[in-house]
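Values below: every heavy atom of this structure, side chains too, minus hydrogens, waters and symmetry copies. Given the structure is predicted, the values throughout are model-derived calculations rather than measurements. Just so it is clear: chains get the letters A, B, ... in the order the sequence lines come, proteins before strands, and each one is counted from 1.
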Protein chains: 2
Amino acid sequence: MKQIAESTVRRLSLYLRFLEDYRRQGLETISSGDLASLGGMTSAQVRKDLSFFGSFGTRGLGYSVNALAHRIREILGLEREWQVIIVGAGKIGAALAQYRAFGERGFRIVGIYDVDPARIGVSLDGTIVKDQRELDADLQSVKPDIVLIAVPAEAAQPLLERVTKAGIRGVLNFAPTPLHAPSGVTLRSVDMALELELLSYTLTSAMA
Amino acid sequence: MKQIAESTVRRLSLYLRFLEDYRRQGLETISSGDLASLGGMTSAQVRKDLSFFGSFGTRGLGYSVNALAHRIREILGLEREWQVIIVGAGKIGAALAQYRAFGERGFRIVGIYDVDPARIGVSLDGTIVKDQRELDADLQSVKPDIVLIAVPAEAAQPLLERVTKAGIRGVLNFAPTPLHAPSGVTLRSVDMALELELLSYTLTSAMA
DNA sequence: GGGTGCTTGTGAATGTTTTCACAACTTATT
DNA sequence: AATAAGTTGTGAAAACATTCACAAGCACCC
């Protein structure tokens, strides 16, 4: 299949949330215009996004809320469960461990690791923090799908190399530093400081 | 000035980090090629990004590390201090309160608020969590520049309306829900669940 | 069963971002 | 002073993403 733009996939995730809202409200159909006004985009954009994956709607009527939600979940790979481990049990790691939105989407936290003896053994939302020396063995035995990096910036790149050598293919990095992953590994970064800088830029430009 | 693409500004933030690394290493000049290989982009991209804001380099030599870093800090609005408050003192709010990377960039946390009596009065990284009923008064007196939203999803939109009515122009939202801001307000969202879904999509497509 | 109103799906047009490619300029060298 | 090596800045081209605009299709009603 042709390469789909990240912006399209990002919107697909939003559509899914709106569909789930609609379902909770007991509504059975939704139009591209409804989705667009919820998400602040145009209806043409919604239809074009969906058209990359097929034709799911009914002309004159719109989309079946259930059918479209199911199809988007399939596209995004959310019909399965993903095994996730967190490395770093500081404040950010702890926040991730108890983050409800992950579990609701099928991301199951199966392990948390740290190097600090003061953190090892502590329970974070029901999961005991393990010694990071057990990480390699656990990567072999548990074979998680995704690793969340929540360690200090300087420890992030070595950790990335360690987990990719162990066969991990998906990494979400929360350390505020750009990382380089080998090809075949999908790396995304959530950089909160950078987001704040973007805000700073926009506020500064708006004032000038 | 012409509208600058968000992707360009995002890269500018990255360049600034690389420049700071270079400065720490005592290097005085850097080429677009150096910046590009650090950030995984092309040298033409780097030069084009910078060209939107002027000509800062010397042909044959490259860019002065100090001068370029200073200029990017100016562009991003990082030469001043920003007063930031956090609403929501749960795990995410607490993680944000102690996040070192904010302070290093001139974002100063001047208040944290929550509605939960169990959290009010607690010190988070030196700042005492205040009762959210004091928020409106403090917005008037402290006049912070930026609000970080770290409340549950269902409380996020009402809170956004409350702070924008009080004159807040910049908001960074961490609740996993799309928000709608009035025009004139800059809203950005960090949606960790959505990032994981993007990862899920890429991993799923790569397998197929 | 035909008409009306609404909504999709999609080529074409437009707008935006990235990449290319090279003249122009700087420094270093002989 | 002339040459060589290196790097910027930038128009033009290419690639990519969004918006337009409308034929096609479906549901509902009379």
Just the atom pairs and distances: protein N or O near nucleotides 20-22 of chain C's N or O, under 3.5 Å.
unit_1 : atom_1 : unit_2  : atom_2 : d
C:dA21 : N6     : B:Arg47 : NH2    : 3.4

Please list, chain by chain and in numerical order, all residues satisfying side chain to side chain donor-acceptor pair (under 3.5 Å) with B:Glu74, sequence neighbours excluded. B:Arg71

Pairs of donor and acceptor atoms involving the side chains of residues 192-200 of chain A, under 3.5 Å and at least two apart or interchain, shall be tabulated with distances.
unit_1   : atom_1 : unit_2   : atom_2 : d
A:Glu195 : OE1    : B:Arg188 : NE     : 3.0
A:Glu195 : OE1    : B:Arg188 : NH2    : 2.9
A:Glu195 : OE2    : B:Arg10  : NH1    : 3.3
A:Glu195 : OE2    : B:Arg10  : NH2    : 3.3
A:Glu197 : OE1    : B:Ser13  : OG     : 2.9
A:Glu197 : OE2    : B:Arg105 : NE     : 2.8
A:Ser200 : OG     : B:Leu76  : O      : 2.5
A:Ser200 : OG     : B:Gly77  : O      : 3.2
A:Ser200 : OG     : B:Trp82  : NE1    : 3.2

Which residues pass the salt bridge (Lys or Arg N to Asp or Glu O under 4.0 Å) test with B:Asp34, not counting sequence neighbours? none

For A:Glu28, all residues meeting side chain to side chain donor-acceptor pair (under 3.5 Å), sequence neighbours excluded: none

Partners meeting side-chain contact (heavy atoms from CB on, under 4.5 Å) with A:Thr29 (sequence neighbours left out): A:Leu61

Below 3.5 Å between N/O atoms, which protein atoms pair up with nucleotides 25-28 of chain C? Just atom names and distances, please.
unit_1 : atom_1 : unit_2  : atom_2 : d
C:dT26 : O4'    : B:Arg59 : O      : 2.7

Using a 3.5 Å limit for the pairing distances, which stems of at least 3 consecutive Watson-Crick or G-U wobble pairs does DNA chain D take part in? C:1-30 with D:1-30

Contacts of type side-chain contact (heavy atoms from CB on, under 4.5 Å), residue A:Arg169, not counting sequence neighbours: B:Leu203

Qualifying residues under side chain to side chain donor-acceptor pair (under 3.5 Å), relative to B:Asp21, sequence neighbours excluded: B:Arg24

Sorted by number, residues from residues 13-38 of chain B placing a heavy atom under 4.0 Å from DNA chain C are none

Kindly write out the residues that satisfy side-chain contact (heavy atoms from CB on, under 4.5 Å) with B:Thr127, not counting sequence neighbours, or none if the list is empty. B:Ile112

